[in-house]
Amino acid sequence: MYTAHPDRYADMPYRRTGRSGLKLPALSLGLWHNFGPDRPAETQRAILRRAFDLGVTHFDLANNYGPPPGAAESALGEALKADFAPYRDELVISTKAGYLMWPGPYGEWGSRKYVLGSLDQSLKRMGLDHVDIFYSHRFDPDTPLEETMGALHSAVQQGKALYVGISNYPAEQTREAARILGELGTPLLIHQPRYSMLDRRPEDEGVFDALDELGVGSIVYSPLEQGLLTGRYLDGIPEDSRAASDSPFLNSDAVTEDLVARLRALDGIAKSRGQSLAQLALAWVLRGGRVTSALVGASSPRQLEDSVGALRNLDFETEELARIDEVVKG
């Protein structure tokens, strides 16, 4: 029987999410990859145990995480039952609805039928009566935003979610979603955009500005840019890497000689700070406190430990930030 480490809260910083009372760990564990039937169940459980022992109290999922879709929620459900039942109130568990889950016109996007039906399926897979955060995973241009946000509000009213969030929403729709939810009486807690040293769209397109104005938290995904910022590509494309497999999320064409040269330069900056490239990338997205939490994946407990090591140095000199910008932007 798993017993959590008694000092699990000693070193992890927790940040308040927007204007809410909810605090999230600076690093959260995302179950996007590595939690399907193609990975040993014992390895999955070992990652979850090590995360919690390190103070990572937030496990982030979506209905379509796996592969196949639903597998990550099922895997977490088994781990909750086997290891974490005594600790449920110490955990923040989030899931999302928005991408394709089943055939036909009601299996994706933002209709009330899909959003609430998906949540019921997610809860069943995880063996829970509620999640802590429930997200609309993407903006649906063909469904009135009032309907999608109304479905999130209903999830809270039904006791199936404590808070609600949005993911991958542009700045304008973020403001409108917050307005609708505020009028309904269910405040928008958090936004989950993609953000890294190499992908700065939340800065460039005004999403972070909107969140600052609204008092909404942020949790960023892909801070390691699908593995590009882990150091695996400093000498090109490894045979067993995601890029070598021509993943839909990272293909070999993206790993150009110019990119490799930039990654090597960033690695040099990381070394000067006593960090790995991955630790530098995580520290960068967490700099200044604008981001509430950064989502990391892990294929092993050791990989997770390396990520948590980034928290030992989150401060940057002005010259370091300027050098990073020079390397990335050219």
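All values derive from a computational prediction rather than experimental measurement.
With salt bridges taken as basic N to acidic carboxylate O contacts below 4.0 Å, one links E326 and R323. Using a 4.0 Å cut-off between charged side-chain N and carboxylate O, R200 and D325 make a salt bridge. A salt bridge is defined here as a Lys NZ or Arg NE, NH1 or NH2 lying under 4.0 Å from an Asp or Glu carboxylate O, and E203 with K329 fails to meet this definition.
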Between R264 and D235, does a side chain to side chain contact (heavy atoms under 4.5 Å, CB included) hold up when you go through it step by step?
CA-CA 9 Å; R264 288 174 178 166; D235 297 311; 3.7 Å; yes

Kindly determine whether H33 and Q226 satisfy side chain to side chain contact (heavy atoms under 4.5 Å, CB included), including the steps that lead there.
CA-CA 11 Å; H33 299 299; Q226 294 296 309; 4.1 Å; yes

List the steps and the verdict of side chain to side chain donor-acceptor pair (under 3.5 Å) for N168 and Y221.
CA-CA 10 Å; N168 302 307; Y221 72 92; 2.6 Å; yes

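Minimum interatomic distance between A270 and L280 (heavy atoms only, all atoms of both residues): CB-CB, 3.7 Å. L116 and S154 make their closest contact through CD1-CB, 4.2 Å (heavy atoms, listed as atom of the first residue, atom of the second, distance). When every heavy atom of A75 is checked against every heavy atom of Q44, the shortest pair comes out as CB-OE1, 3.2 Å. Contact between G217 and T292 at its shortest, heavy atoms only, is CA-OG1, 3.6 Å. Taking both residues in full, the closest heavy atoms of N63 and A97 are given as ND2-CA, 3.6 Å, listed atom of the first, atom of the second, then distance. Across every non-hydrogen atom of A177 and M149, the tightest pair is CB-SD, 3.6 Å.
Listed by chain and number, the residues in a ring-ring contact (aromatic ring centres under 6.0 Å, His included) with H191 amount to none (sequence neighbours excluded). For R273, the salt bridge (charged side-chain N to carboxylate O under 4.0 Å, His left out) partners at least two apart in sequence or on another chain are E320. Applying the ring-ring contact (aromatic ring centres under 6.0 Å, His included) rule to Y163 yields no partners; only residues at least two apart in sequence or on another chain are considered. Applying the salt bridge (charged side-chain N to carboxylate O under 4.0 Å, His left out) test to E172 and every residue at least two apart in sequence or in another chain returns nothing. Every residue meeting the side-chain hydrogen bond (donor to acceptor under 3.5 Å, both in side chains) condition with H58, not counting sequence neighbours, appears here in chain and number order: S28, S94. Residues satisfying the side-chain hydrogen bond (donor to acceptor under 3.5 Å, both in side chains) test with E213, not counting sequence neighbours, are R175.
A side-chain donor from one of Y169 and S136 sits under 3.5 Å from a side-chain acceptor of the other. Residues D53 and Y2 bring a donor and an acceptor atom of their side chains to less than 3.5 Å of each other.
For the pair T3 and Y87, the minimum side-chain heavy-atom distance is below 4.5 Å. When side chains are defined from C-beta on, L263 does not count as touching V255, because their heavy atoms never get closer than 4.5 Å. The side-chain heavy atoms of D132 and L22, taken from C-beta on, include no pair separated by under 4.5 Å. The side-chain heavy atoms of V115 and L119, taken from C-beta on, include no pair separated by under 4.5 Å. Looking only at side-chain heavy atoms (C-beta outward), S222 and D199 stay at 4.5 Å or farther from each other. Side-chain atoms of I47 and T43, non-hydrogen and from C-beta on, do get closer than 4.5 Å to each other. The side-chain heavy atoms of V216 and T174, taken from C-beta on, include no pair separated by under 4.5 Å. Side-chain contact check for L234 versus L277: some heavy-atom pair is nearer than 4.5 Å.
Taking the six-membered ring where tryptophan is involved, the planes of Y195 and F208 are perpendicular, since the angle between them exceeds 60° and thus also 30°.
By the 6.0 Å contact criterion, OH on Y9 is enclosed, its count of non-hydrogen atoms from other residues, nucleotides or ligands being greater than 12. Annotation: E257, atom CD; neighbour count of heavy atoms from other residues, nucleotides and ligands within 6.0 Å does not exceed 12.
For the atom pair R50 CZ and E305 CD, the distance stands at 4.5 Å (nearest 0.5 Å). Interatomic distance, D89 CG to T57 OG1, rounded to the nearest 0.5 Å: 12.5 Å. Rounding to the nearest 0.5 Å places CG of D306 at 4.5 Å from CD of Q279. Interatomic distance, OG of S167 versus CD1 of I133, reported as 11.5 Å (0.5 Å rounding). To the nearest 0.5 Å, atom CG of residue D267 and atom OG of residue S276 are 8.5 Å apart. Here the CZ-CG distance, from R262 to L228, works out to 13.0 Å after rounding to the nearest 0.5 Å.
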For residues 77-85, which side-chain donor-acceptor pairs fall under 3.5 Å, sequence neighbours excluded?
unit_1, atom_1, unit_2, atom_2, d
D83, OD1, R45, NH2, 2.8
D83, OD2, R45, NE, 3.0
D83, OD2, R45, NH2, 3.2
D83, OD2, R49, NE, 3.2

Side chains of residues 307-318: which donor-acceptor pairs under 3.5 Å do they make with residues two or more places apart or in other chains?
unit_1, atom_1, unit_2, atom_2, d
S307, OG, Q303, O, 3.4

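The hydrophobic cluster analysis finds Y99 isolated: no Ile, Leu, Val, Met, Phe, Trp or Tyr side chain comes under 4.5 Å of it, directly or through other members.
Looking only at distances, a side-chain donor or acceptor of R287 sits under 3.5 Å from a matching main-chain atom of W284. Without hydrogens or angle criteria, S118 side chain to Y114 main chain gives no donor-acceptor distance under 3.5 Å. Counting only distance, with no hydrogens or angles, the side chain of R88 and the backbone of L91 share a donor-acceptor pair below 3.5 Å.
The stretch residues 91-107 participates, sequence neighbours left out, in these salt bridge (Lys or Arg N to Asp or Glu O under 4.0 Å) pairs: D60-K96. Applying the salt bridge (Lys or Arg N to Asp or Glu O under 4.0 Å) test to every pair with at least one member in residues 1-29, sequence neighbours left out, gives these pairs: R8-E90. Within the structure, the salt bridge (Lys or Arg N to Asp or Glu O under 4.0 Å) test picks out the following pairs touching residues 137-161 (sequence neighbours left out): E108-R138, D120-K160.
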